[in-house]
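These numbers were taken from a predicted model, which means no experiment stands behind them. Note: hydrogens, waters and symmetry copies are ignored here, and every other heavy atom, side chains too, is used.
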Amino acid sequence: MNNFTLALPSKGAIADPTINFLSNCGLKIVKPNPRQYTGDIPAIDGLSVLFQRVKDVAYKVADGTAQLGITGYDVVCENPNDDTIVIHDKLGYGQCSLVVAVPESWVDVENMYDLADVAIDMRDNQRRNLRVATTFPHQTRQFLHAHHIHHFTIVKADGAIEAAPTIGYADMIVDLTQTGTTLRENHLKMLPDGVITESQACLIGNKKALLSHPELMQMTKTLLEYIDAAMNARKIYQVTVDIQGESAESIAHRILQDNNTRGLIGPTIAPIYTQNSSDKWFTATVTVQHSNLLAATNYLRSIGGRHALVMPARYVFMESSHTYDALEVKLASS
Ligand SMILES: Nc1ncnc2c1ncn2[C@@H]1O[C@H](COP(=O)(O)OP(=O)(O)OP(=O)(O)O)[C@@H](O)[C@H]1O
Ligand SMILES: O=P(O)(O)OC[C@H]1O[C@H](OP(=O)(O)OP(=O)(O)O)[C@H](O)[C@@H]1O
């Protein structure tokens, strides 16, 4: 089989979470040597792993060196490329936002309209542009233009962007934030309407490679089957209760009365063979959404359910991988 490459982050905020995420999906990565930048996923024959910086993951997928990659959605938005397709935009970790932040001392600046006034004021009264420090110039330009701010200069900086206004080489910043701590500690405030991109880890692919290699599509399908099934499972529990009743049908009827206990299709009910054969006991199994677990358990109690045994699901395979189905549609229309 052809060898294809999945590029993964080698360092930074989403490096370890990516390894853990894939491992939780049943896609453990085997790295023969911790110092090497390559690895394998034994569950998918013919797919190698290449560890790269988050930005390089995006570049390598765009130029086809890697056919698949996991990186931050913020990075993908910053480097738009016609050859890159976003296959899954919410892998559920690495959440952060790219935001506009100004010094806390700018008490009159509460939103993007106020910021537009500041830019005009600087231009008219100080004869200079608003200086914006960022490593995301593309999204910053687009966002500021969309908010009618045109008199600005991007100051490229490599790290510690948050210090730029204090040091004095920029007036304000555009950077990633997660908890907001770094902004606060640097006496900056984000503007409530200044969220440019909501980001999390995403799976991307090289469009041309996907369109021209059926074996790569097959590998991507396997990858997505595992990812979808593991992500579906996070929301679902299997609940089993013992319950007395005249018949399996009468118990099923009671269970089906409540939205929270209807499960994916309906309950499974089986007889329990007790020592006292005059008692008619059954065991009923239903799948329950995580958010409805307590409500479902309480309903089962209210109809006579006892001894609720709750098991987390490991995988929930639906009739097909919805993400793979969506990829086929996107590729067909591209
Ligand atoms: N709190 C966070 N702060 C920054 N990035 C985060 C955070 N949480 C998740 N991320 C994700 O992790 C990525 C940052 O990874 P990393 O720290 O390796 O980037 P970097 O510092 O720009 O890398 P490099 O120094 O190699 O250029 C972001 O692009 C984003 O998608
Ligand atoms: O809102 P917070 O939770 O404080 O997180 C935001 C900070 O985290 C990131 O830096 P990181 O520590 O990843 O290092 P970096 O500056 O090298 O990217 C980011 O660049 C911010 O500085």
Side-chain angles (χ1 to χ4, degrees), residues 1-9 14 17-18 21-29 39-50 52 54 57-95 197-236 264-265 287 289 313-334:
M1 188 175 282
N2 252 339
N3 222 22
F4 294 103
T5 302
L6 169 69
L8 300 179
I14 57 171
T18 296
F21 169 78
L22 290 172
S23 174
N24 287 334
C25 292
L27 301 162
K28 208 168 159 37
I29 293 163
D40 286 304
I41 301 184
I44 306 183
D45 195 25
L47 187 62
S48 307
V49 170
L50 177 67
Q52 294 285 301
V54 284
V57 169
Y59 303 152
K60 292 255 182 301
V61 171
D63 72 15
T65 312
Q67 294 72 39
L68 297 168
I70 292 182
T71 187
Y73 186 64
D74 52 306
V75 174
V76 178
C77 294
E78 187 59 25
N79 301 282
N81 188 297
D82 286 346
D83 290 332
T84 302
I85 188 164
V86 177
I87 299 173
H88 196 313
D89 65 352
K90 290 186 181 67
L91 294 179
Y93 64 95
Q95 286 91 346
T197 305
E198 302 264 21
S199 177
Q200 54 181 280
C202 66
L203 174 69
I204 55 175
N206 181 284
K207 215 186 280 181
K208 283 184 192 148
L210 288 163
L211 283 168
S212 54
H213 296 288
E215 323 88 273
L216 175 62
M217 282 300 277
Q218 199 51 47
M219 277 180 205
T220 308
K221 186 175 186 182
T222 308
L223 191 69
L224 291 174
E225 284 279 13
Y226 278 114
I227 290 177
D228 278 4
M231 290 183 79
N232 291 337
R234 287 184 195 168
K235 295 171 244 157
I236 288 183
L264 295 173
I265 304 180
T287 50
Q289 295 283 332
R314 176 86 173 87
Y315 296 108
V316 178
F317 290 97
M318 304 306 273
E319 51 288 352
S320 65
S321 155
H322 293 331
T323 311
Y324 182 76
D325 297 343
L327 173 64
E328 284 194 319
V329 172
K330 274 191 246 173
L331 285 172
S333 63
S334 67

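- The distance from atom CG of Leu27 to atom CD1 of Ile41, rounded to the nearest 0.5 Å, is 5.5 Å.
- Atom CG in Asn206 sits 10.5 Å away from atom CZ in Phe4 (nearest 0.5 Å).
- Note: Ile87 CD1 to Tyr324 OH = 10.0 Å, rounded to the nearest 0.5 Å.
- Remark: Asp83 pairs with Lys208 by the salt bridge (Lys or Arg N to Asp or Glu O under 4.0 Å) rule, at least two apart or across chains.
- No side-chain donor-acceptor contact under 3.5 Å links Asp89 to the backbone of Cys202.
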Donor-acceptor contacts under 3.5 Å from residues 217-227 side chains, at least two apart:
| residue | atom | partner | partner atom | Å |
| --- | --- | --- | --- | --- |
| Thr220 | OG1 | Leu216 | O | 2.7 |
| Thr222 | OG1 | Gln218 | O | 3.0 |

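- Within the 3.5 Å criterion, the main-chain N or O of Tyr73 finds a donor-acceptor partner in the side chain of Ser199.
- For the atom pair Leu68 CG and His88 NE2, the distance stands at 13.5 Å (nearest 0.5 Å).
- Contact detail for Gln67 and Val61: the closest heavy-atom pair is O-CG1, 4.2 Å.
- Side-chain atoms of Arg314 come within 3.5 Å of backbone N or O of Asn24 as a donor-acceptor pair.
- Of all heavy-atom pairs spanning Pro17 and Tyr93, the tightest one is CB-CD1, 3.5 Å.
- Taking each heavy atom of Pro214 and Ser212 in turn, the nearest pair found is CD-O, 3.6 Å.
- Among Leu6, Thr71, Leu8, Thr18, the one residue that satisfies the side chain to side chain contact (heavy atoms under 4.5 Å, CB included) test with Val57 is Thr71.
- Rounding to the nearest 0.5 Å gives a distance of 11.0 Å between CD1 of Ile14 and CD of Gln95.
- With contacts defined as side-chain heavy-atom distances shorter than 4.5 Å, the pair Ile85/Leu327 qualifies.
- Contact annotation: the side chain of Thr5 never approaches that of Thr65 to less than 4.5 Å [non-hydrogen atoms, C-beta and beyond].
- Heavy atoms only, all atoms of each residue included: Val86 and Val76 are closest at CG2-CG1, 3.9 Å.
- Lys90 places no side-chain N or O within donor-acceptor distance of the main-chain N or O of Gln200, the cut-off being under 3.5 Å.
- Across Ser48 and Asn3, no two heavy atoms sit closer than the pair OG-ND2, 3.0 Å.
- Under a 3.5 Å cut-off, the side chain of Thr197 and the backbone N or O of Asp74 do not form any donor-acceptor pair.
- The nearest pair of heavy atoms linking Asp82 to Lys207 is O-NZ, 3.1 Å.
- Side-chain contact check for Ile29 versus Leu22: some heavy-atom pair is nearer than 4.5 Å.
- Counted by atom type alone, Asp228 and Ser321 present one or more donor-acceptor pairs between their side chains at under 3.5 Å.
- Residues passing the ring-ring contact (aromatic ring centres under 6.0 Å, His included) test with Tyr59: none are found, sequence neighbours excluded.
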